[in-house]
Colleague: 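Right, I'll just put the structure down here and ask away after.
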Amino acid sequence: MIDRANPAASMNEARRLLRQGKFASITAGAWEGELLVRARIGQSAIEFAGGAPRLARIAGAPLLPVFVVCDDSTGRIRVTVENPIDLDRGQDKAELIQSAAQDFADRHLAYLKASPHQWRDWGKLKAHQGTLIETEAGCLSSAF
């Protein structure tokens with residue numbers, strides 16, 4: 001949990017835990033963080049907080065994308081942890097964060113297609129370079 005009064009202390013603690021081989025979980029939501037990046041999802045765009053890829057790079061830890069969906073037929077929650085996002089050490093900080101955000105968005109699209117009705121932020125998608133909002137999953141059009 002990020003202490004909004006002292007976010008640096010929270011990130012330092014997360015970095016310490018990661019360097020010890022422990023887990024830290026950070027959402028990609030644009031409601032947190034000082035650095036927001038825009039990534040394409042289908043023909044739309046979304047903003048993500050850039051703290052997770054930055055923290056993973058600094059700590060030398062893998063960045064594991066996690067997706068959660070509910071099986072409509074059973075009501076069971078399915079949590080999927082995918083392979084790490086590539087954090088190429090040759091990129092500068094801005095390129096690394098943008099690349100990681102786009103990788104996460106690309107992986108997110110499959111879950112949107114499979115369960116578009118479960119993604120609460122579909123209405124936050126923004127037009128990418130003036131393109132009309134339409135996810136490839138055929139979700140309702142809107143404007144993130």
Side-chain angles (χ1 to χ4, degrees), residues 1-72 76-131 133-144:
M1 196 164 176
I2 302 295
D3 178 356
R4 290 179 191 232
N6 192 359
S10 298
M11 293 302 275
N12 287 335
E13 176 64 9
R15 183 178 63 231
R16 185 185 67 75
L17 291 170
L18 289 170
R19 287 183 173 160
Q20 292 175 355
K22 297 181 179 176
F23 287 92
S25 177
I26 298 178
T27 64
W31 56 87
E32 292 285 356
E34 63 184 54
L35 174 67
L36 301 179
V37 293
R38 194 168 189 175
R40 291 185 63 171
I41 293 185
Q43 297 301 311
S44 300
I46 189 169
E47 287 180 324
F48 292 119
R54 183 175 175 270
L55 177 62
R57 181 179 185 177
I58 290 168
L63 181 58
L64 303 172
V66 177
F67 300 95
V68 180
V69 295
C70 179
D71 183 316
D72 290 329
R76 291 185 168 199
I77 302 294
R78 185 179 74 234
V79 178
T80 304
V81 180
E82 291 201 352
N83 290 328
I85 290 175
D86 183 21
L87 299 175
D88 181 354
R89 302 280 185 218
Q91 298 175 321
D92 71 22
K93 181 174 83 172
E95 291 172 331
L96 172 117
I97 292 170
Q98 183 63 52
S99 174
Q102 188 58 58
D103 188 342
F104 182 72
D106 292 344
R107 296 181 195 205
H108 206 131
L109 185 57
Y111 296 90
L112 286 169
K113 285 181 176 181
S115 304
H117 59 289
Q118 293 183 26
W119 192 51
R120 69 177 177 86
D121 285 340
W122 69 267
K124 292 184 176 179
L125 288 174
K126 294 180 181 176
H128 182 76
Q129 296 178 352
T131 305
I133 301 299
E134 253 185 286
T135 67
E136 292 179 12
C139 292
L140 296 173
S141 297
S142 184
F144 183 95

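All values below come from the heavy atoms of this structure, side chains included, with hydrogens, waters and symmetry mates left out. In this chain, numbering begins with 1 at the start of the sequence shown.
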Colleague: Calculate, to the nearest 0.5 Å, the distance between atoms CD1 and OG belonging to Ile26 and Ser10 respectively.
Modeller: 9.5 Å
Colleague: Please set out all donor-acceptor pairs under 3.5 angstrom arising from side-chain atoms of residues 99-107, sequence neighbours excluded.
Modeller:
unit_1 : atom_1 : unit_2 : atom_2 : d
Gln102 : OE1    : Arg40  : N      : 2.9
Gln102 : NE2    : Arg40  : O      : 2.9
Gln102 : NE2    : Asp106 : OD1    : 2.8
Asp103 : OD1    : Arg107 : NE     : 2.7
Asp103 : OD2    : Arg107 : NH2    : 3.4
Arg107 : NH1    : Glu82  : OE1    : 3.4
Arg107 : NH1    : Asn83  : O      : 2.5
Arg107 : NH2    : Pro84  : O      : 3.3

Colleague: What class does the angle between the rings of His108 and Phe67 fall in, given that below 30° is parallel, 30 to 60° is tilted and above 60° is perpendicular?
Modeller: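 Rings of His108 and Phe67: perpendicular, over 60°.
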Colleague: Using the side-chain hydrogen bond (donor to acceptor under 3.5 Å, both in side chains) criterion, which residues pair with Asp72? Sequence neighbours excluded.
Modeller: His117, Gln118
Colleague: So, taking the atom named CD1 in Ile97 and the one named CG in Leu87, what distance separates them when rounded to the nearest 0.5 Å?
Modeller: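 One finds 10.0 Å between CD1 of Ile97 and CG of Leu87.
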Colleague: Find the distance between CG (Asp92) and CD (Gln98) and round it off to the nearest 0.5 Å.
Modeller: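 Interatomic distance, Asp92 CG to Gln98 CD, rounded to 0.5 Å: 11.0 Å.
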Colleague: Determine which pairs satisfy salt bridge (Lys or Arg N to Asp or Glu O under 4.0 Å) with at least one residue from residues 12-27, sequence neighbours left out, and list them in order.
Modeller: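 For residues 12-27: Glu13-Arg16.
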Colleague: How many angstroms lie between atom CG of Leu63 and atom CG of Leu18, to the nearest 0.5 angstrom?
Modeller: 10.0 Å
